[in-house]
Amino acid sequence: MPSKLNTLLDQRLGLNDLPVVGPVSAGYLRAYVAAAVPPQATEYQVNQMMTRVANMMPSPRGLTREQADERMMLYRRTLSRHALPDLQAAFDVILRQCRFFPTVAEIEEIVAPIRAKRMARANRASMIIMKHEREWKEPQPLLTADEAARLGRILASPLAGDGEQR
C-alpha cells in the first residue's frame, strides 16, 4: 500500500474529514480490508509462544506436572481465540517488558490495544472505501471538443485580426 494511504489509516479523522480517493487507492484499500481479518491462532501456535516465554522467565514453584499441564491447556484454549498477528505482537511485548510469567488477564491487557489499532485501521479503510463509492466521480474534461478546437484556432493566429486595427 502506498505510504500516503498507510499514513491516512493512522489518522483519527471523521467521515467528513476523510478524502475521497480514486479507484486505484480504493483498490489498495479493498485489498487491505480483505487481509485485515487474519487467522486465529491455533492451540499449537499458542503453545509455541507460551513455551518461548516460559523458557525465558522463572516458572512458578510448587506446581505438579498435572497442574502445569492443566495451566498450559487453559492458556492455549483461552488465547487461541485471538488473531495470530495480535498474539505474536503481544508476546514480543511480553518478552521485552514482563519480568514474570504473565497471567491470562495480563496477556489480554497487552493484546487489547494491539487488536484495537488493527481494527481501527481496517474500519477507517472501510469508511474511505464507502466514501469513494458514494462521492467519487470520473474527472470531467475542462473543455468540450468544440471549445478546444475554437481555442486552438484562436491561439494559432493570435495577431491576425489585431494587425489591421493598429
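At least one side-chain heavy atom of Pro102 sits under 4.5 Å from a side-chain heavy atom of Val53. Side-chain contact between Phe101 and Arg71 is present, with at least one heavy-atom pair separated by less than 4.5 Å. Leu29 places a side-chain heavy atom less than 4.5 Å from the side chain of Leu5. At least one side-chain heavy atom of Arg12 sits less than 4.5 Å from a side-chain heavy atom of Arg124. Within the 4.5 Å cutoff, the side chain of Leu151 has heavy atoms near those of the Leu155 side chain.
For Lys131 (side chain) and Pro19 (main-chain N/O), no donor-acceptor pair under 3.5 Å exists by modelled atom type. The backbone N or O of Ala26 lies less than 3.5 Å from no partner atom in the side chain of His132, so there is not a single donor-acceptor pair. Glu106 places a side-chain N or O within donor-acceptor distance of the main-chain N or O of Thr103, the cut-off being under 3.5 Å. Under the 3.5 Å distance criterion, the side-chain polar atoms of Gln67 are matched with a main-chain donor or acceptor of Thr64. For the pair Gln140 (side chain) and Glu138 (backbone), a donor-acceptor distance under 3.5 Å is present. Although no hydrogens or angles enter the test, the distance criterion places no donor-acceptor pair under 3.5 Å between the side chain of Gln97 and the main chain of Ile94. Ser25 contributes no side-chain N or O that, together with a main-chain N or O of Gly22, makes up a donor-acceptor pair within less than 3.5 Å.
Qualifying ring-ring contact (aromatic ring centres under 6.0 Å, His included) partners for His82, counting only residues two or more places apart in sequence or in other chains: none.
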Report task. Any chance you could lay out the side-chain contact (heavy atoms from CB on, under 4.5 Å) test for Tyr32 and Leu9, step after step, and finish with the verdict? Result -> CA-CA 11 Å; Tyr32 178 80; Leu9 294 181; 3.8 Å; yes

Query raised in the report: For Leu79 and Phe91, what are the C-alpha separation, side-chain angles and deciding distance, and is it a side-chain contact (heavy atoms from CB on, under 4.5 Å)?
Result: CA-CA 11 Å; Leu79 297 177; Phe91 274 92; 4.2 Å; yes

Report task. Go through the steps for Leu84 and Met49 under the test side-chain contact (heavy atoms from CB on, under 4.5 Å), then give the verdict. Result -> CA-CA 11 Å; Leu84 180 60; Met49 289 181 258; 3.8 Å; yes

Query raised in the report: What do the steps show when you test Met127 against Leu13 for side-chain contact (heavy atoms from CB on, under 4.5 Å), and what is the final call?
Result: CA-CA 10 Å; Met127 287 180 10; Leu13 301 174; over 6 Å; no

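Atom CZ of Arg30 sits about 12.0 Å away from atom CD1 of Ile128, to the nearest 0.5 Å. Here the CD1 atom belonging to Ile107 is positioned 9.5 Å from the OG1 atom belonging to Thr78, to the nearest 0.5 angstrom.
Within a 6.0 Å sphere centred on CE of Met73, other residues, nucleotides and ligands contribute more than 12 heavy atoms. Atom CZ of Arg121 is surrounded by more than 12 heavy atoms from other residues, nucleotides or ligands within 6.0 Å.
The salt bridge (charged side-chain N to carboxylate O under 4.0 Å, His left out) contacts involving residues 79-96 comprise Arg52-Asp92, Arg81-Glu108, Asp86-Arg118, where partners must be two or more places apart or lie in separate chains.
Donor-acceptor pairing under 3.5 Å is lacking for the side chains of Thr51 and Gln48. With hydrogens and angles left out, the side-chain atoms of Arg76 and Tyr44 include no donor and acceptor closer than 3.5 Å.
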